[in-house]
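Encoded as structure tokens, the structure appears first; notes follow it.
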Amino acid sequence: MWFEEVAFSFNGGKDSTVLLHLLRAGYYLHKSSSDGEVEMNTIQNCPVRTIYFESPCAFPEINLFTYETVSTYGLPLETIHSDFKSGLEGLLKERPTKAIFIGTRIGDPNAVGQEQFSPSSPGWPPFMRVNPILDWSYRYTSIGSIYDTVPNALLSDSTTGKSFRPAYMLSDGRLERAGRTKKNISSVSSNGTNSTEVEQTIACSASIIVVGDEILFGTVEDKLGAGLCKKLHAIGWRVSHVAVVSNEIDSVAEEVERCKSSDDMVFLVGGLGPLHSDISLAGVAKAFGVRLAPDEEFEEYLSQLIGDNYTGDRNEIKCKNVVILAATNVDELETEWGCLLDTQESGLVMAKSFVSKHLCTSLLDVKIAPVVAELCIYFSDVYIGCYRISRSGPLVVSFFGKDNQRVEAAAEKLTNSFEGQFSQVDSCK
């Protein structure tokens, strides 16, 4: 019987509970085809082999629900207390299994590259991952372990600020993991320095990709790229690359492919919607080698943003460190940016802020060039940039860094080298 060759991974969560009832429905159809007409309510027990990785970090309510569900539907349960990989290795050695039903959805962190039928990853025990609800989308908040779960603030009752609405009332399904906290890092690293300080000092890097033929034609000016640079810099991130590409799938895919492995995050704006030129999603999908999957919540969000003219025939893709923004102007960018900062799963961690100092001089470039070059070597942790407001105008030398003392020291060394020739300006504008 085919049930002996497959297993069902159940953890008491919403996704695996939905999958359980789909399996029960499938078993009912199987029994009906083999035994003739059978009433659904007469089939209580479902003989599919069920595996549960019980964790001491799980909420007691989750464990209780899991075992009650297993008892209610007569599931042959095998409880595993080791990690997922080790547990599967032992499980498959004891009893060969061809396929395992898993409640993975396209928005899950581990879903990138998966299809409805996906072989296990290299280095893992060989089996077929079966993902029946991969493309299923709905609104519901997510629960993790007892160590990384807090009440989802997006469900807070605005009238009292103390109570929370039911989980299914989450208005935007993309924010289901907004109730997850980040894991704490050990307070002291191996060299005795505070690891939090080290993490904040090191700047996270980001790339920005703007999609739009209208920008390349010179019809409109790109303001979103500049706006994102300012916002990323304000939270301590370094922007390593800004590119404008044409409305072509290959152009987007090639740029995403180049940036996604070199930067912590990639932000893509433009080319999102129902028009023939809106190819950003397809370009990102091609860069990751995955397909587009429907996301009703995102389409509803776009319809609210764009208005009644939105046709709703485009899809959303969520791939690792690439974020696609729907903003078309700086006001919409402001709103979306606020949502990103409020969503812990976005990956936008707050780093130590940059400090800057800007000096202005009328000296010739050739005069100060050797000194600036030497400063760049001595102050390798400080970015030193130079530009002219106009060819005949003053030269501005900018210092950026995360250590205020180092920035001040670099600026002071330059001014001391040319006494009376530099004056401080408030900004580099």
Side-chain angles (χ1 to χ4, degrees), residues 197-210 215 218 220-244 263-265 267 269 327 329-334 336-338 340-341 348-429:
E197 294 177 356
V198 172
E199 183 181 11
Q200 288 180 337
T201 302
I202 298 174
C204 298
S205 65
S207 289
I208 299 171
I209 304 172
V210 183
I215 297 173
V220 299
E221 179 183 354
D222 170 38
K223 295 183 179 179
L224 293 177
L228 273 173
C229 285
K230 292 179 181 178
K231 293 185 179 302
L232 285 162
H233 186 265
I235 63 170
W237 282 57
R238 178 178 61 86
V239 178
S240 65
H241 179 73
V242 179
V244 180
D263 288 295
D264 296 289
M265 291 188 71
F267 293 89
V269 295
N329 56 53
V330 292
D331 291 332
E332 293 172 357
L333 177 62
E334 189 71 33
E336 288 194 51
W337 186 255
L340 281 174
L341 292 180
L348 273 177
V349 296
M350 299 291 289
K352 186 176 182 180
S353 300
F354 283 101
V355 292
S356 62
K357 196 177 185 79
H358 311 280
L359 302 177
C360 184
T361 184
S362 58
L363 291 171
L364 297 176
D365 297 11
V366 68
K367 183 76 173 178
I368 72 166
V371 177
V372 172
E374 189 174 309
L375 287 176
C376 290
I377 296 173
Y378 186 77
F379 294 93
S380 59
D381 56 329
V382 178
Y383 169 79
I384 305 174
C386 307
Y387 76 98
R388 287 190 178 275
I389 297 175
S390 66
R391 179 49 53 191
S392 59
L395 175 72
V396 177
V397 183
S398 298
F399 301 83
F400 292 92
K402 296 211 168 188
D403 187 327
N404 186 58
Q405 291 183 343
R406 293 284 290 171
V407 169
E408 289 290 342
E412 183 179 1
K413 194 169 183 63
L414 178 62
T415 56
N416 290 343
S417 300
F418 302 95
E419 189 172 351
Q421 297 296 315
F422 279 89
S423 60
Q424 183 174 339
V425 291
D426 292 336
S427 69
C428 55
K429 293 182 179 179

inquiry  = Under the criterion ring-ring contact (aromatic ring centres under 6.0 Å, His included), I'd like the reasoning laid out for Phe399 against His358: C-alpha separation, chi angles, the key distance, then a yes or no.
reply    = CA-CA 6 Å; Phe399 301 83; His358 311 280; 8.6 Å; no

task = Test Val407 against Phe400 for side-chain contact (heavy atoms from CB on, under 4.5 Å), laying out the working first.
result = CA-CA 7 Å; Val407 169; Phe400 292 92; over 6 Å; no

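When every heavy atom of Ala206 is checked against every heavy atom of Asp263, the shortest pair comes out as N-OD1, 3.8 Å. Shown here for Cys229 and Val242, the closest heavy-atom pair between the two residues is SG-CG2, 3.8 Å. A pairwise comparison of heavy atoms in Pro370 and Val366 identifies CD-O, 3.6 Å as the closest pair. For the residue pair Asn329 and Asp331, the shortest heavy atom distance occurs at OD1-N, 3.1 Å. Heavy-atom minimum distance, Val425 versus Cys360: CG1-CB, 3.8 Å.
One N or O on the side chain of Thr361 and one on the backbone of Gln421 form a donor-acceptor pair closer than 3.5 Å. With hydrogens and angles ignored, the 3.5 Å screen pairs no side-chain donor or acceptor of Gln424 with any backbone N or O of Leu359. Side-chain atoms of Lys402 come within 3.5 Å of backbone N or O of Gly236 as a donor-acceptor pair. For Thr415 (side chain) and Ala411 (main-chain N/O), a donor-acceptor pair under 3.5 Å exists by modelled atom type. Looking only at distances, a side-chain donor or acceptor of Asp264 sits under 3.5 Å from a matching main-chain atom of Ser205.
Here Ser417 contributes atom OG and Leu375 contributes atom CG; the two are 6.5 Å apart, rounded to the nearest 0.5 Å. Rounded to the nearest 0.5 angstrom, Arg238 CZ and Phe354 CZ are separated by 7.5 Å. Taken from OH in Tyr378 to CD1 in Ile384, the straight-line distance is 12.0 Å, to the nearest 0.5 Å.
Residues Val382 and Asp403 are not in side-chain contact: their nearest non-hydrogen atoms beyond the backbone lie 4.5 Å or more apart.
A search for side chain to side chain donor-acceptor pair (under 3.5 Å) contacts involving Glu334 returns Lys231, not counting sequence neighbours. Applying the salt bridge (Lys or Arg N to Asp or Glu O under 4.0 Å) test to Asp365 and every residue at least two apart in sequence or in another chain returns Arg388.
Between Phe267 and the options Ile209, Leu232, Leu224, a side chain to side chain contact (heavy atoms under 4.5 Å, CB included) holds for only Leu232.
Residue pairs meeting the side-chain hydrogen bond (donor to acceptor under 3.5 Å, both in side chains) criterion with at least one partner in residues 404-414, sequence neighbours excluded, are Lys357-Glu408, Asp381-Arg406.
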